Amino acid sequence: MRIGVISDVHIDKNNVKNERTIQEALGRIVQETGTDLLIIAGDVSNNYATTLSFLEEIESRSGVDCLFVPGNHDLWNIDYPEKDAWSLYRHLQKFKGNITAAPYHINEEWVVIGDVGWYDFSFGSDKFAEVHFQEMKYNGRIWKDKIYADWGLSAAEVHQFFYQKLRNQIEQHKDKKIILVTHVVPHENFIVPTPHQVWDYFNAFLGSRHYSDLIAEFPHTIKYAICGHVHYRKQFRLGETSLICNCLGDKEEWLHSKEAYEEISHTYLTIEI
Ligand SMILES: [Fe+2]
């Protein structure tokens, strides 16, 4: 079976105005590569309704099932200031491939477990104090989850909730082969290299070391750990686990072309199980 992996397609920024550029390109590429199942690791758009309709459209264009975990952007309430992140999180579960509702069993052997994950500042440089990370503001820039991702909890508490949920599901399925999907990054190899003028600080909001510890605890079980968020395209192996971060990212960051089909062709990755 061939599984396609991509994240951070940010269609509200990347689609040519009034067109469905990303949907058309990705739908075609999923078909052309003979993909059987697609995994999208979050950040489709800044509006949950846009994200939901994208996911439905990708399934119908490509003809394959799509699995999804929300990213922080999908949970932003810019367009719905009255809604908190929990309510948007539940709305996104209307999509049947949203694996935050339940793990997805590919077959007897393989299961896909995933969730947003969150950050606990453990990837930030220790030259900053915890209270400074809580402000989510540095050098004139604000990390926008502070404004738009309204969980009503501290970042560390949100992280703890998702970490515990994932941990329980992994324990329940430890006799299977697991594909673990988070939006946030699970390992420090994915953070922005330091020292860096601003990322020494902003790396704090990329993920948590607890996820790599969790992967290390189940070295024969978690075969893949897939993430997005940092807008990198990078893979490495840790024992039996392949870690994959495969973001399309914003058009300004595209590496090969400003044309969606070409850039997604370079980005899109498939794994064989
Ligand atoms: Fe993103």
Side-chain angles (χ1 to χ4, degrees), residues 5 7 39 41-43 67 69-72 89 99-100 102-104 110-130 132-134 136 143 145 149 151 153-196 199-247 271:
V5 179
S7 77
I39 295 178
D43 275 8
L67 305 182
V69 301
N72 52 325
Y89 180 80
I99 52 172
T100 67
Y104 178 90
W110 287 86
V111 62
V112 189
I113 290 174
D115 222 303
V116 192
W118 207 248
Y119 40 78
D120 60 356
F121 316 143
S122 55
F123 287 143
S125 160
D126 54 17
K127 70 183 183 189
F128 299 102
E130 178 85 6
H132 191 178
F133 287 132
Q134 284 162 1
M136 299 195 190
W143 188 259
D145 292 345
W151 295 104
L153 294 172
S154 71
E157 287 168 329
V158 179
H159 157 71
Q160 200 51 44
F161 172 83
F162 288 118
Y163 170 80
Q164 205 50 55
K165 188 177 168 195
L166 287 166
R167 183 187 188 87
N168 293 344
Q169 290 181 350
I170 291 166
E171 289 207 347
Q172 280 163 21
H173 296 88
K174 64 185 174 200
D175 54 333
K176 306 262 182 194
K177 291 178 176 167
I178 293 175
I179 299 174
L180 176 66
V181 187
T182 54
H183 177 63
V184 299
V185 310
H187 197 282
E188 66 180 349
N189 286 6
F190 290 131
I191 67 172
V192 180
T194 56
H196 187 288
W199 285 97
D200 283 354
Y201 180 80
F202 287 106
N203 272 332
F205 313 110
L206 292 188
S208 166
R209 293 180 191 281
H210 285 139
Y211 300 111
S212 36
D213 295 343
L214 188 57
I215 292 166
E217 259 187 71
F218 297 90
H220 311 299
T221 305
I222 302 174
K223 300 293 184 189
Y224 292 94
I226 292 166
C227 70
H229 195 38
V230 72
H231 292 196
Y232 282 164
R233 299 167 192 170
K234 192 169 174 180
Q235 302 154 48
F236 67 97
R237 252 183 108 77
L238 211 65
E240 291 177 36
T241 311
S242 295
L243 291 95
I244 300 170
C245 181
N246 200 40
C247 301
I271 56 177

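Being a predicted model, the structure only gives us computed values, none of them experimental.
Side-chain contact check for Tyr232 and Asn189: no donor-acceptor pair (N or O, by modelled atom type) lies under 3.5 Å. Of the N and O atoms on the side chains of Tyr163 and Asp120, not one donor lies less than 3.5 Å from an acceptor on the other residue.
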Stepwise, does the side chain to side chain contact (heavy atoms under 4.5 Å, CB included) test hold for Leu67 with Val181? CA-CA 10 Å; Leu67 305 182; Val181 187; over 6 Å; no

Check step by step if side chain to side chain contact (heavy atoms under 4.5 Å, CB included) holds for Trp151 and Asp145. CA-CA 10 Å; Trp151 295 104; Asp145 292 345; over 6 Å; no

Apply side chain to side chain contact (heavy atoms under 4.5 Å, CB included) to the pair Ile113 and Leu166, showing each step before the final yes or no. CA-CA 7 Å; Ile113 290 174; Leu166 287 166; 3.9 Å; yes

Can Tyr211 and His159 be said to form a ring-ring contact (aromatic ring centres under 6.0 Å, His included), step by step? CA-CA 10 Å; Tyr211 300 111; His159 157 71; 5.1 Å; yes

Val116 vs Val158, test: side chain to side chain contact (heavy atoms under 4.5 Å, CB included). Steps then yes/no. CA-CA 10 Å; Val116 192; Val158 179; over 6 Å; no

Show your working on ring-ring contact (aromatic ring centres under 6.0 Å, His included) between His132 and Tyr201 and close with a plain yes or no. CA-CA 9 Å; His132 191 178; Tyr201 180 80; 4.8 Å; yes

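With contacts defined as side-chain heavy-atom distances shorter than 4.5 Å, the pair Val69/Ile99 qualifies. With a 4.5 Å cut-off on side-chain heavy atoms, Ser125 and Thr194 do not count as touching. Residues Thr182 and His229 have side chains not in contact (no heavy-atom distance under 4.5 Å, counting atoms from C-beta outward). Looking at heavy atoms from C-beta onward, Ser242 lies out of side-chain contact with Ile271 at the 4.5 angstrom threshold. No side-chain heavy atom of Val184 sits under 4.5 Å from any side-chain heavy atom of Ser208. Between Phe218 and Ile178, every side-chain heavy-atom pair lies at or beyond the 4.5 Å cut-off.
In this structure, the separation between CH2 on Trp110 and OH on Tyr104 is 14.0 Å, given to the nearest 0.5 Å. Here the CD1 atom belonging to Ile222 is positioned 11.5 Å from the CD1 atom belonging to Ile179, to the nearest 0.5 angstrom. Remark: Asp213 CG to His187 NE2 distance equals 9.0 Å, nearest 0.5 Å. In this structure, Leu238 CG and Ile215 CD1 are separated by 7.0 Å, a value rounded to the nearest 0.5 Å. To the nearest 0.5 Å, atoms NE2 (His183) and CG (Leu206) are separated by 9.5 Å. Rounded to the nearest 0.5 Å, atoms CD1 (Ile244) and CG (Leu180) are 11.5 Å apart.
Across all non-hydrogen atoms, the minimal contact from Arg233 to Cys247 is NE-O, 2.8 Å. Between Ile226 and Ala41, the shortest heavy-atom distance links the atoms CG2-CB, 4.2 Å. Closest approach of Phe133 to Gly124, counting heavy atoms only: CZ-CA, 3.7 Å. Across Pro186 and Leu243, no two heavy atoms sit closer than the pair CG-CD2, 4.2 Å. Ala225 and Thr241 get closest at one heavy-atom pair: N-CG2, 4.1 Å. Residue Lys165 comes nearest to Asp115 through the heavy atom pair NZ-OD2, 2.8 Å, listed as atom of the first residue, atom of the second, then distance.
Taking Lys223 as the reference, Glu240 meet the side-chain hydrogen bond (donor to acceptor under 3.5 Å, both in side chains) condition, with sequence neighbours excluded.
When each of Trp118, Tyr119, Trp199, Phe123 is checked for a ring-ring contact (aromatic ring centres under 6.0 Å, His included) with Phe205, only Tyr119 meets the rule.
No donor-acceptor pair closer than 3.5 Å links the side chain of Asn203 to the backbone N or O of Ile191.
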